[in-house]
Amino acid sequence: MIELGKLNTLKILRDTSVGLFLGDEEGNDVLLPIKYMPESYEIGDELTVFCYLDYEERPIATNLEPFIMVNEFRLLQVVEVNEIGAFLDWGLEKHLLVPFREQRNKMKEGQWYVVYCYLDERTNRLVASNKIDKFLNNDSVNLKIWEEVDLLVTRQTDLGWEVVVNNKHKGLVYFNEVFKRINIGDSLPGCIKHIRPDNKLDISLQPLGTRVLEPAANKIYDVLVANGGYLGLHDKSDPEDIREELQMSKKTFKKGIGTLYKARKIEIKEDGIHAI
């Protein structure tokens, strides 16, 4: 089966004046236009291509890989707005449509938005939606505390940053637990800090508990070495100074230097820490 919005591995069936026809094991075929043909090939070779609808609503293949595929969330830029809707640059010749009904607020040309790409069953077209909440589901969350997850930052709220977790769930990173600059559209690693009774997810951008000690100690030591063996921070430093210099909390910093001190890698003095 040739799937729109996805990468398909298909066999070369025949060479024509307009391009190569590729097919699957079920007898379906699709055109790979001349401009996307490989320099060398043989009938029967397999090619991995992305399939979507062209300007005439016909299935077509390309060797270009888009910025977003079906059932994915990504940050994309609006390149045109007309009477039909907004059109996004997704790395292909034909832009990706966001109908007006799928826009949280009216989109503006040149602006960037986090969207979800899906196949409209009514029209069989690939379209995108900025109303991403309806494509997220926290009814069933098969995750564990401490588990590492992939995050996409979607928007800022009064409490913190909303994130898409593993391309399927909604989570929240609280402002007081963010120790580095983040922006909408950032893809970040994180881990599950807490799963609430209603399956809402509290997310941490750094490993929790004892798992933070070794990475923190390593980071502090790397910065220390890069600064010639001296860092003007210690256990009585202002938390904001620590956050600005190392992008970590004072609590994490103190645990990190404690680990380094016990390992006899540093000395802690009144003016800061020194490498041994």
Side-chain angles (χ1 to χ4, degrees), residues 67 73-75 112 114 141-196 199-276:
F67 305 146
F73 298 87
R74 290 289 185 274
L75 179 71
W112 294 76
V114 174
V141 177
N142 187 25
L143 295 168
K144 299 178 181 178
I145 303 299
W146 304 89
E147 184 172 342
E148 295 183 355
V149 290
D150 295 321
L151 308 173
L152 176 68
V153 181
T154 60
R155 64 173 172 168
Q156 185 175 341
T157 71
D158 293 338
L159 297 176
W161 295 93
E162 286 189 357
V163 292
V164 175
V165 181
N166 286 352
N167 203 55
K168 62 177 67 174
H169 307 303
K170 181 194 284 190
L172 182 68
V173 182
Y174 290 95
F175 284 133
N176 63 354
E177 297 183 9
V178 177
F179 304 107
K180 60 182 179 181
R181 182 179 179 85
I182 62 175
N183 297 289
I184 293 174
D186 284 352
S187 295
L188 305 166
C191 60
I192 303 298
K193 180 179 179 181
H194 182 61
I195 302 175
R196 299 182 179 273
N199 282 339
K200 290 183 178 179
L201 301 175
D202 294 345
I203 305 297
S204 174
L205 298 184
Q206 55 185 332
L208 302 178
T210 57
R211 295 174 62 192
V212 78
L213 294 179
E214 194 57 33
N218 286 337
K219 180 172 184 178
I220 294 167
Y221 194 73
D222 288 343
V223 174
L224 188 64
V225 172
N227 287 345
Y230 168 74
L231 191 59
L233 297 172
H234 46 70
D235 56 359
K236 294 183 175 60
S237 293
D238 187 281
E240 289 301 319
D241 293 338
I242 294 172
R243 182 180 300 181
E244 182 177 351
E245 179 73 27
L246 297 169
Q247 293 79 53
M248 66 178 64
S249 68
K250 183 171 182 176
K251 182 179 179 181
T252 298
F253 171 74
K254 291 176 69 174
K255 289 181 178 179
I257 63 174
T259 297
L260 294 172
Y261 182 78
K262 290 176 183 178
R264 299 180 182 275
K265 288 193 170 186
I266 64 168
E267 290 180 321
I268 302 175
K269 300 182 179 181
E270 291 186 0
D271 65 338
I273 56 177
H274 300 256
I276 295 177

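How far CG of D241 is from NZ of K250: 9.5 Å, rounded to the nearest 0.5 Å. One distance of note links CD of E267 with CD1 of I273; it measures 11.0 Å at 0.5 Å rounding. Residue K193 holds its NZ atom at 10.5 Å from CG of L172, rounded to the nearest 0.5 Å. Put simply, CD on E245 and CD1 on I220 are 10.5 Å apart, with the number rounded to the nearest 0.5 Å. In this structure, CD1 in I242 is found 9.0 Å from CE in M248, a value given to the nearest 0.5 Å.
In this structure the side chain of L151 reaches within 4.5 angstrom of the side chain of V165, judged on heavy atoms. Residues L201 and I195 have side chains in contact (heavy-atom distance under 4.5 Å, counting atoms from C-beta outward). Within the 4.5 Å cutoff, no side-chain heavy atoms of I257 are placed close to those of Y261. Contact annotation: the side chain of F175 approaches that of W161 to within less than 4.5 Å [non-hydrogen atoms, C-beta and beyond].
Counting only distance, with no hydrogens or angles, the side chain of D150 and the backbone of N166 share no donor-acceptor pair below 3.5 Å. At distances below 3.5 Å, not a single donor-acceptor pair connects side-chain atoms of K170 with backbone N or O atoms of E162. Formation of a donor-acceptor pair under 3.5 Å by the K219 side chain with backbone atoms of L246 is found in this model.
More than 12 heavy atoms of other residues, nucleotides or ligands sit less than 6.0 Å from atom CG of N183. By the neighbour-count criterion of 12 heavy atoms within 6.0 Å, atom NZ of K168 is sparsely surrounded, having that number or fewer from other residues, nucleotides or ligands.
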Do any side-chain atoms of residues 221-236 form donor-acceptor pairs under 3.5 angstrom with protein atoms, and if so which ones, sequence neighbours left out?
from : atom 1 : to   : atom 2 : distance (Å)
Y230 : OH     : D271 : O      : 2.5
H234 : ND1    : K236 : N      : 3.1
H234 : NE2    : E270 : O      : 3.3

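In this structure, A217 and G256 approach most closely via the heavy-atom pair CB-O, 3.7 Å. Residues G185 and L152 share a closest heavy-atom pair of O-CD1, 3.3 Å.
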Carefully, step by step, assess V149 and V163 under the rule side chain to side chain contact (heavy atoms under 4.5 Å, CB included). CA-CA 11 Å; V149 290; V163 292; over 6 Å; no
Start with the C-alpha gap between K144 and I192, add the side-chain angles, then the distance that decides, and say whether side chain to side chain contact (heavy atoms under 4.5 Å, CB included) holds. CA-CA 7 Å; K144 299 178 181 178; I192 303 298; over 6 Å; no
